[in-house]
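Below is one structure, written out as C-alpha cells, with a few remarks after it.
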Amino acid sequence: MDFLSELRSRLRTALISMTDSPDSFVEMLKPAQDGKFGDFQANCAMPLAKLSKRPPKDVAAELLEKLDVADLCEPPEIAGPGFINLKLKTARLAEETAKLSQDERLGITRVATPRTYIVDFSSPNVAKPMHVGHLRSTVIGNALCRVLRFLGHQVLSDNHVGDWGTQFGMIIYGYKHFRDDAAYQRDAVAELSRLYRLVNQLADYHDLVANLPKLHEQLPLKHAAIAAARQAAAAAPADKDAARLLKKSEQELIDLQAEIAAAVKKRVAVEERPELKQLADAHPKIGELARRETAKLHAGDQENKQLWDEFVPQCMAALEGMYQRFGITFDMALGESWYNPMLAGIVDELKQKQLAVISDGATCVFVEGNTAPFLVQKADGAYTYATTDLATIRHRVESLHADACLYVVDSRQSEHFQLLFATAKKFGYSQTEFRHVSFGTVLGEDRRPYKTRSGDTIGLESLLDEAIQNARKIVDANSSHLSEAERANVSVLVGMGAIIYVDLHHNRDSDYVFSWEKMLATSGDTATYNQYAYARVCGILRKGEVDAIALRAAGHSILLDTPAERALALQLNRFANAVADVAIDYRPNLLTQYLFETANCFASFYNECPVLSAEPAALKASRLLLCDATARVLKQGLSLLGIGVADQM
RNA sequence: GCGCCCGUAGCUCAGCUGGAUAGAGCAACGGAUUUCUAAUCCGUCGGUCGGAGGUUCGAAUCUUCCCGGGCGUACCA
C-alpha cells in the first residue's frame, strides 16, 4: 500500500474543518527524515498555527483529534515545536506487504484519467554519428516513456531526427567530390560520416583562414582597451565598474588569444597534411557550395533528392542498431523532412493572424518579454527549426490529440522552447501542456562542456563497447561459475546499465562530469549494485528451489520482527509513490534513488536475516515472500529506467 | 548589454512548493565471513550549504545585493 498517499488523504479529511486550502498542508506529510521520528511526519501544524495565531502544539493536538489513522498507525506523537510523528502499526504494515507481494503491479495503480503524452527525445542528426551528447536525451526520454506508460498513460515516443538540415548539403557535396566508392560499399554510414567531417573541416579551414587576420587585428585593440581600463581603474580605485571593466577586458584578451590559438591549430591540422591542403586549395568555396547543395535539396533538385533518398534509410538503419542496444523502440520517427510540406502554410498562417512580422528581411514572431525573435523564415526564404517545431506541434495536437508534449532536450535550448511554446499558445494551442524537459550538459573531466565540433568527442558506439568490455573484465573476475554465454550476457547488462544509471541518477537539471571511472564503477550507487542485489535474491529462491508463483499463491503471512525486515517491507510499499514522483516533474533520478535505497535495505536484510535456514517454516515463508517482492520491485524499477537484470551474475 | 542556469564534505552529487542535529556514493580509516553470491554489510572521519543583508518562531531552500563559473542571445539545429 502507498501509505504516504493514504495518510495524506486521511490528513486532508482532518484538515477540511481547519482550513479552506488543505492542499499545501497535505503535502507537508512526508516520510520521516530520521527513523527515531517514526515512519512519517506531518509538519503542517506550525504554518497552520501561524495563520490562526494559536500555539502550534494546540493546533497539532486539534489536528490529532480529527485525524483518523488508528487502523494504520500507533498513537501519533507531537514533538518539538509541533511536528506530528506517525509510526505504522507493524501488523498493518505486514498485512499490506503480504498484499503487495501478491499484486502483479506491486502496488502501482493505473492513473484514473490517462493522458496522451508525446515524448520527443534522442533526436540526433542522422548525418552525424551519435556521441556522448546524445546520451542524456535518449536515456531520460526512454525512462520517462516507460514510467508514464506503466502508470497507465498513453505514450507516443517520437524520434524527431534531423534529416533535412545543412549537414546534408555537406554530405552531398562530399559525396559528389570526395567519395571513396569501395568504402561506401563496405560501410555507407561510416563513409558518409567521414565525408561530413571532411567537408566540415575544409569549410572551417577556409573560414578561419579568412578570419584569422581579423582576429590578429583585434589584438592591439584589446591590449589598448586593457591599458585604458587599467588607467581608469588606477585613477579611481574605489570604482567597482572600472575594476570590472578591467577584468572584462583582460578576459576578452584571453578569449581572443584562445580563439586564435584554436584557429591556428585547426589551420595547422589541415596544412601539415599535404593531401588535405591540396583538397582545401581545390575547393576554396566549399562552405558556400555545400550550403547551395542544401538549398537545391530543399528546392526539389532531382539529383540531390535521389541521394538523400539513398542516404537517409541507411543512416536510420544505423541509428536503429544503437537503439536496439538500449532496448528502445520509437512509436514514430517523424524527422524534420516529414514536416517540410507544411512549413509554408505555417508561415502564411502566422502572417495572416498577424503574429509574424518581417524584420531585417526575415519573418519573425516577437514574444513579449523576449528581445530575441522567433525566426520562422530566413531572409533567403529558407525555413528554420522554429518553423518545423511549430508544424510538429500542429501535428501532435491536431492529429495525435496530445494532452502533453515533452521535449527531452538540452537546457541550452531553453530560450527556443520558451519562444516556441509562447508562439504555439498564440497560435491557439493553449489546451496542451508543453514542457521542455531540459537537462544539463555532459562536461569533460576539465569541467568544460563537450564541444560538438571540436572533433574529439567520444562516439556513443565506442562508449558502449568500452563499458561492456570493462564489465566483462569484472564479470570474469567475479563469476567463474557462469558459462561463457552467460558471462557475455551479464557483461552487456552491467555495462549498459552502468551508463544508463549514471546518467539517470543525476538530477537532470545539473551538468555532470563525464568520467570513465564513474561510468564504469560497479560499487556504490550504481546499476551494478542494484543488479547484484537482484541476482542475490534470485540466488536464494533458486537454491531454495522456490516456485515463486506457488509461494505467492499460498497466502503466507509476513512477519516483521527485526528492524531489517520492517525497513525492507516499508521500503517495498513506497514503490508506487516513488514511481508516481518521477512523473510529477519528469525526474527519473527519484527512481534511481528509491531503487538504491531498496537494494540497500535488502543487502542489510540479507546480512542479518537468514532465509533458507529460517525457523519456523512460517518465518522462512515470510522471508521468502519478502525476497520475491524485492526481486520484482528491483526488476520492475530497473526496467522502467531501461536497465535489465540477470538471475545470476 | 540582456536572459537562463549553477556554486552544498577532499572528489562526484542528492536535498531547494522553508521545518527537528544538512544526506548519499567515492576516497581514507577501522571492523564483520563455520550461515542463502564479500560486485556485500556495519562503523569512524569529513560541511561557515560561495559571501553579506532581509523576511520568518525556523532559511541550503524565499528575497535583495555582491563574488565566482557555465550557457544562450536574428537568419546552424
Side-chain angles (χ1 to χ4, degrees), chain A residues 23-24 27-28 30 32-34 36-37 41 43-44 46-47 49-50 56 79-83 85 123 125 162 164-167 240 291 336 359-364 369-386 388-389 409-416 418 438 440-441 443 447-449 452 474-475 477-479 481 494 502 505-507 509-513 515 517-518 521-526 528-529 531-533 535-544 589-590 592-593 596-597 600 603-614 623 627 648-649:
Chain A
D23 283 17
S24 60
E27 300 278 305
M28 291 179 192
K30 300 172 180 180
Q33 55 174 299
D34 190 316
K36 74 182 178 208
F37 300 136
Q41 61 183 65
N43 303 338
C44 53
M46 283 86 79
K50 196 192 286 191
F83 294 100
N85 292 336
S123 308
N125 243 314
W164 200 242
T166 44
Q167 78 278 8
K240 277 189 187 168
R291 277 192 291 279
E336 292 166 340
S359 170
D360 285 348
T363 310
C364 308
N370 294 73
T371 47
F374 194 55
L375 205 157
V376 292
Q377 188 169 22
K378 300 193 271 187
D380 65 5
Y383 301 107
T384 71
Y385 76 138
T388 315
D389 281 353
V409 179
D410 196 323
S411 63
R412 283 177 285 200
Q413 293 191 39
S414 61
E415 196 169 19
H416 166 71
Q418 200 184 325
S438 68
T441 312
L443 305 174
R447 289 204 131 273
R448 305 281 308 168
T452 338
I474 296 165
V475 170
N478 287 282
S479 303
H481 55 286
V494 167
V502 159
H505 107 279
H506 290 93
N507 180 328
D509 285 324
S510 322
D511 297 346
Y512 77 86
V513 175
S515 95
E517 193 196 338
K518 287 196 73 177
T522 59
S523 64
D525 189 356
T526 63
T528 315
Y529 179 86
Q531 290 165 323
Y532 181 64
R536 294 218 285 181
V537 190
C538 291
I540 295 175
L541 300 177
R542 189 173 52 248
K543 196 148 201 167
N589 67 311
L590 297 177
T592 63
Q593 202 174 327
F596 176 66
E597 284 162 8
N600 196 224
S604 299
F605 163 86
Y606 185 92
N607 225 43
E608 291 167 31
C609 305
V611 178
L612 296 178
S613 59
R623 289 183 173 171
C627 285
Q648 290 190 67
M649 58 187 276

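Model, not experiment: these values are computed from the prediction. Each chain gets a letter, A, B and so on, in the order its sequence line appears, and its residues count up from 1.
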Quick one: is [X] getting a side-chain N or O under 4.0 Å of the [N] phosphate, OP1 or OP2?
X        : N     : answer
A:Thr441 : B:C71 : no
A:Asn85  : B:A20 : no
A:Asn478 : B:A39 : yes
A:Asn507 : B:G15 : yes

What contact category does [X] fall into here, base, sugar-phosphate, or nothing, at under 4.0 angstrom with non-hydrogen atoms?
X        : answer
A:Cys364 : base
A:Pro47  : base
A:Ser479 : base
A:Gln413 : base
A:Ala535 : base
A:Ser123 : nothing
A:Cys44  : nothing
A:Glu27  : base
A:Asp511 : sugar-phosphate
A:Ala79  : base
A:Met649 : base

Calculate the interatomic distance between [X] atom [atom1] and [N] atom [atom2]; express it in whole Å.
X        : N     : atom1 : atom2 : answer
A:His505 : B:G15 : NE2   : C1'   : 13 Å
A:Met28  : B:A20 : CE    : P     : 13 Å
A:Leu590 : B:U17 : CG    : P     : 12 Å

Problem - Base B:A74 to side chain A:Ser359, donor-acceptor N/O within 3.5 Å cut-off - result: yes

Practice task
Could you run through nucleotides 41-47 of chain B and give me one letter per nucleotide, 5' to 3': B if any protein heavy atom sits under 4.0 Å from the base, S if only the sugar-phosphate is that close, - if neither?
Solution key: SS-----

Practice task
Select one nucleotide: of B:C13, B:G19, B:C71, the one nearest the side-chain heavy atoms of A:Ser510.
Solution key: B:C13

Practice task
Can you label the angle between the A:Tyr529 ring and the A:Phe596 ring as parallel, tilted or perpendicular, going by 30° and 60°?
Solution key: tilted

Practice task
Would you please classify the geometry between the A:Tyr512 ring and the A:His506 ring as parallel, tilted or perpendicular, with 30° and 60° separating the classes?
Solution key: parallel

Handout entry: Trace of the side-chain hydrogen bond (donor to acceptor under 3.5 Å, both in side chains) decision for A:Asn125 with A:Gln167
Key = CA-CA 8 Å; A:Asn125 243 314; A:Gln167 78 278 8; 2.3 Å; yes

Practice task
For A:Lys50 and for A:Ser613, locate the closest nucleotide of RNA chain B by heavy-atom distance; then report the residue assigned to the nucleotide nearer the 5' terminus.
Solution key: A:Ser613

Extract from the structure each pairing of a protein N or O with an N or O of nucleotides 3-11 of chain B at less than 3.5 Å, listing the distance.
none

Handout entry: Base-pair map of RNA chain B as dot-bracket, where | denotes pairing with a different strand and pairs are Watson-Crick or G-U under 3.5 Å
Key = (((((((..((((.....[...)))).(((((.......))))).....(((((..]....))))))))))))....

Practice task
Any chance you could measure A:Thr526, atom OG1, to A:Gln531, atom CD, to the nearest 0.5 Å?
Solution key: 8.0 Å

